[in-house]
S.K.: 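To start, I am sharing the structure in question, which I have written as structure tokens.
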Amino acid sequence: MIRDDEQADKILSGVLDDYNSAPISEKEKEMLDYAVKLTKKPASVKKEDLDRLREFDLSDRDILDLNQVVAYFNYINRTADGLGIELETEHK
């Protein structure tokens with residue numbers, strides 16, 4: 001989705017520890033803010049959060065896709081953690 005291999009490598013390699021200081025757009029930061037809120041305090045997500053995403057030209061479908069990706073990763077990680085599944089060495 002980034003479409004910039006150099007930027008993706010920096011982010012994925014851990015050079016950037018905080019997405020707020022990452023060289024990404026305000027739209028991407030807003031999407032990540034939503035992802036963090038949905039992950040840490042899902043019941044706190046309000047209409048205003050969705051309206052803010054719409055201000056960055058995300059359609060309702062885009063917001064649904066974002067929500068579903070975040071929810072899926074949260075689900076699968078919690079499932080694996082809850083079953084004591086350990087990552088393979090190359091994924092640590």
Side-chain angles (χ1 to χ4, degrees):
M1 290 180 67
I2 293 173
R3 297 190 181 113
D4 180 335
D5 290 340
E6 184 177 328
Q7 181 180 351
D9 287 344
K10 286 180 185 177
I11 293 169
L12 294 175
S13 69
V15 171
L16 302 171
D17 296 324
D18 178 9
Y19 70 87
N20 287 302
S21 62
I24 58 176
S25 70
E26 290 302 313
K27 179 178 181 177
E28 291 165 323
K29 287 179 184 175
E30 191 64 36
M31 292 168 65
L32 289 168
D33 285 344
Y34 173 78
V36 168
K37 189 171 190 176
L38 182 60
T39 297
K40 292 185 174 184
K41 296 182 180 181
S44 71
V45 174
K46 304 289 185 224
K47 180 182 180 299
E48 293 79 18
D49 298 306
L50 305 179
D51 290 340
R52 179 82 175 135
L53 292 168
R54 289 183 186 104
E55 289 175 19
F56 285 92
D57 295 324
L58 269 74
S59 68
D60 287 348
R61 176 60 191 253
D62 295 332
I63 294 168
L64 175 63
D65 288 346
L66 174 59
N67 174 283
Q68 294 296 285
V69 168
V70 172
Y72 174 75
F73 276 96
N74 285 321
Y75 165 78
I76 202 68
N77 286 324
R78 283 173 176 79
T79 299
D81 289 346
L83 294 173
I85 297 171
E86 293 187 26
L87 290 176
E88 296 175 10
T89 306
E90 65 267 12
H91 297 292
K92 287 186 178 183

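Keep in mind that what you see is a predicted model, and the values were worked out from it rather than measured. Only heavy atoms go into these numbers, but all of them, side chains included; no hydrogens, no water, no symmetry mates.
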S.K.: I'd like to check the side chain to side chain donor-acceptor pair (under 3.5 Å) partners of Asn77; sequence neighbours left out, ordered by chain and number.
M.R.: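 Side chain to side chain donor-acceptor pair (under 3.5 Å) check on Asn77 returns nothing, list empty.
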S.K.: Quick check against the 3.5 Å criterion: does Lys29 have a side-chain atom that pairs as donor or acceptor with the backbone of Asn20?
M.R.: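 Such a contact is found between Lys29 side chain and Asn20 backbone.
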S.K.: Please report the interatomic distance CE(Met31) to CG(Leu58), rounded to the nearest 0.5 Å.
M.R.: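 Reported value, rounded in 0.5 Å steps: 5.5 Å.
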S.K.: Shortest non-hydrogen contact from Val70 to Ala35?
M.R.: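 Shortest heavy-atom separation between Val70 and Ala35 comes out as CG2-CB, 3.6 Å.
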S.K.: To the nearest 0.5 Å, tell me how far Glu26 CD sits from Glu55 CD.
M.R.: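 These two atoms lie 12.5 Å from each other.
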S.K.: If every non-hydrogen atom of Arg78 is compared with every non-hydrogen atom of Thr39, which pair is closest and at what distance?
M.R.: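 For Arg78 versus Thr39, the nearest heavy atoms are NH2-O, 3.5 Å.
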S.K.: Please round to the nearest 0.5 Å and tell me the distance separating atom CG of Asp49 and atom NZ of Lys46.
M.R.: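 If we round to the nearest 0.5 Å, Asp49:CG and Lys46:NZ are 8.5 Å apart.
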S.K.: Is Ile76 reachable from Ile85 through a run of I, L, V, M, F, W or Y residues, each pair having side-chain heavy atoms under 4.5 Å apart?
M.R.: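 Not linked; separate clusters.
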S.K.: Under 4.5 Å between side-chain heavy atoms, hopping through other hydrophobics if needed: is there a path connecting Val36 to Val69?
M.R.: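 Unlinked, Val36 and Val69 end up in two clusters.
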S.K.: Look only at the side chain of Asp65 and the backbone of Asp62, and say whether a donor-acceptor pair between them is shorter than 3.5 Å.
M.R.: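 Pair absent, no side-chain N/O of Asp65 close to backbone of Asp62.
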S.K.: Pick one: which of Arg54, Glu48, Lys47 meets side chain to side chain contact (heavy atoms under 4.5 Å, CB included) with Leu50?
M.R.: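 Of the listed options, the one satisfying the test is Arg54.
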S.K.: Could you state the interatomic distance from NZ (Lys40) to CG (Asn74), rounded to the nearest 0.5 Å?
M.R.: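 Spacing of NZ (Lys40) from CG (Asn74) equals 11.0 Å.
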S.K.: Restricting to non-hydrogen atoms, name the atom on Tyr19 and the atom on Ile24 that form the minimum distance, rounded to 0.1 Å.
M.R.: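 Heavy atoms of Tyr19 and Ile24 come nearest at O-CD1, 3.9 Å.
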S.K.: Surrounding CZ of Phe56 (heavy atoms of other residues, nucleotides or ligands, distance under 6.0 Å), is the total greater than 12?
M.R.: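 Yes, because the 6.0 Å sphere around CZ of Phe56 holds more than 12 heavy atoms from other groups.
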S.K.: Which pair of non-hydrogen atoms, one from Asn67 and one from Leu38, has the smallest distance, and what is that distance?
M.R.: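 Nearest heavy atoms, Asn67 then Leu38: ND2-CD2, 3.6 Å.
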S.K.: Is a salt bridge present between Lys27 and Glu30, judged by a nitrogen-to-oxygen distance below 4.0 Å?
M.R.: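 No, Lys27 and Glu30 are not salt-bridged.
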